[in-house]
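Taking it in order: structure first as structure tokens, then the write-up.
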Protein chains: 2
Amino acid sequence: MRISELASHVGVTAKTVRYYESIGLLPDPGRTASGYRDYGADALERLTFVRDAQAAGLSLKESGQILDMKAAGHGTCEHTRALLDRHLSDIDAQIASLEAARAELLALRARADILNPADCTDPHRCQVVGSH
Amino acid sequence: MRISELASHVGVTAKTVRYYESIGLLPDPGRTASGYRDYGADALERLTFVRDAQAAGLSLKESGQILDMKAAGHGTCEHTRALLDRHLSDIDAQIASLEAARAELLALRARADILNPADCTDPHRCQVVGSH
DNA sequence: GTCAACCTTCCACCTCACTGGAACCGTCAA
DNA sequence: TTGACGGTTCCAGTGAGGTGGAAGGTTGAC
């Protein structure tokens, strides 16, 4: 399959696929006689994994690490598990901090709702954002 | 107070404070006779707000917008409220996507747990990451 | 008076994940 | 055979949020 077909299967652009190849995330695909990149199912699987992993918050580098461990075939499960565990706690921390942020924003909003907009005319302070 | 003191109160570096000033996020502070930046409580409050807002997922630009609206003193409450509302839904979306990612990672981890590590010796595929 | 630890400016560089554009070649249907 | 729409390379830029380092001035304790 050609680059655009591969890209559209996964929901990225051909540019992005070439970029991934340039950073070593995708291997050199074979080429057709005319020099076009020619991808197989393995490329699709690899790219799909990168996309999934990215959706799960892993960086391209980390996806590459997992994929490389897989290709090297050593320590794979333990390393993958460790990476996964680290990301699970990262995600938990992110969710916690977002929820704290949410609460903060909500409190700010509540103040904005309660305050009479007419009170908001002091040219030097906004009641919502002001001293806290 | 001097730049490092301000910075350490908020948990950033002096470099970062100068950078914030350079992008207009913090106003020119006064200077001592020798040219050192001299900050007051207002700078601390402003920088703290930027840090809080950043923790809440706002960009530096957006923090600056709120702070500018506050300084300009017009339309403040409505604009702040709109910004806050937009960010609340952004945060909700982020939390939702992180929770989806979490579930995905957890599923991957569960596969890692169930599989016998001894099965993970095939040099060409990792059971955890492989075909799905 | 000396020394470390601070401060100043300025400019360049970094990471991440792309994106845009130029200049050129290949494919395919009308 | 012409034109649209792909593909190729390479280089440069984006934007967010900084960091590093050089070259110099200031402060304060011993």
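Naming: A, B, ... by sequence-line order, numbering from 1 per chain.
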Output yes when at least one side-chain N/O atom of B:T16 is less than 4.0 Å from OP1 or OP2 of D:dT19, else no. yes
With clusters defined by side-chain heavy atoms of hydrophobic residues (ILVMFWY) lying less than 4.5 Å apart, directly or transitively, does A:Y36 cluster with A:L6? no
Using the side chain to side chain contact (heavy atoms under 4.5 Å, CB included) definition, which of the options B:V12, B:L25, B:T13, B:L60 pairs with B:Y19? B:L60
What do the steps show when you test B:R37 against B:R2 for side chain to side chain contact (heavy atoms under 4.5 Å, CB included), and what is the final call? CA-CA 6 Å; B:R37 285 173 180 78; B:R2 299 207 304 208; over 6 Å; no
Taking only residues two or more places apart in sequence, or in another chain, which ones meet B:E5 in a salt bridge (charged side-chain N to carboxylate O under 4.0 Å, His left out)? none
Rounded distance in Å - NZ (A:K61) to P (C:dC18): 16 Å
If you look at every strand shown and take non-hydrogen atoms under 4.0 Å, does B:T32 touch a base, only sugar-phosphate, or nothing? nothing
How close or far is atom C1' of D:dG18 from atom CG of B:L47, stated in whole angstroms? 14 Å
Contact string for nucleotides 4-14 of chain C, one letter per nucleotide 5' to 3', B = base within protein heavy-atom range under 4.0 Å, S = sugar-phosphate only, - = neither, reads --BSBBB----
So, does A:Y20 get its side chain near the phosphate of C:dC18, meaning an N or O under 4.0 Å from OP1 or OP2? yes
Using C1' atoms of five pairs at each end, report the bend of the helix from C:dG1-D:dC30 to C:dA30-D:dT1 rounded to 10 degrees. 0°
Between A:Y19 (OH) and C:dG20 (C1'), how many Å, whole number? 15 Å
List the steps and the verdict of side chain to side chain contact (heavy atoms under 4.5 Å, CB included) for B:Y39 and B:V17. CA-CA 11 Å; B:Y39 295 96; B:V17 174; 3.5 Å; yes
Does B:T13 place a side-chain N or O at less than 4.0 Å from the phosphate oxygens OP1/OP2 of D:dG18? no
For A:D85, which residues count as a salt bridge (charged side-chain N to carboxylate O under 4.0 Å, His left out) partner, sequence neighbours excluded? B:R109
NE2 of B:H9 to CG of B:L47: how many Å apart, nearest 0.5 Å? 11.0 Å
A:L60 CG - C:dC16 C1' separation (whole Å): 8 Å
Taken in chain and number order and not counting sequence neighbours, the residues that satisfy side-chain hydrogen bond (donor to acceptor under 3.5 Å, both in side chains) with B:Y20 are B:R51
Atom CD1 of A:I23 and atom C1' of C:dT19 are separated, to the nearest Å, by 14 Å
Those residues at least two apart in sequence (or on a different chain) that pass salt bridge (charged side-chain N to carboxylate O under 4.0 Å, His left out) with A:D38 are none
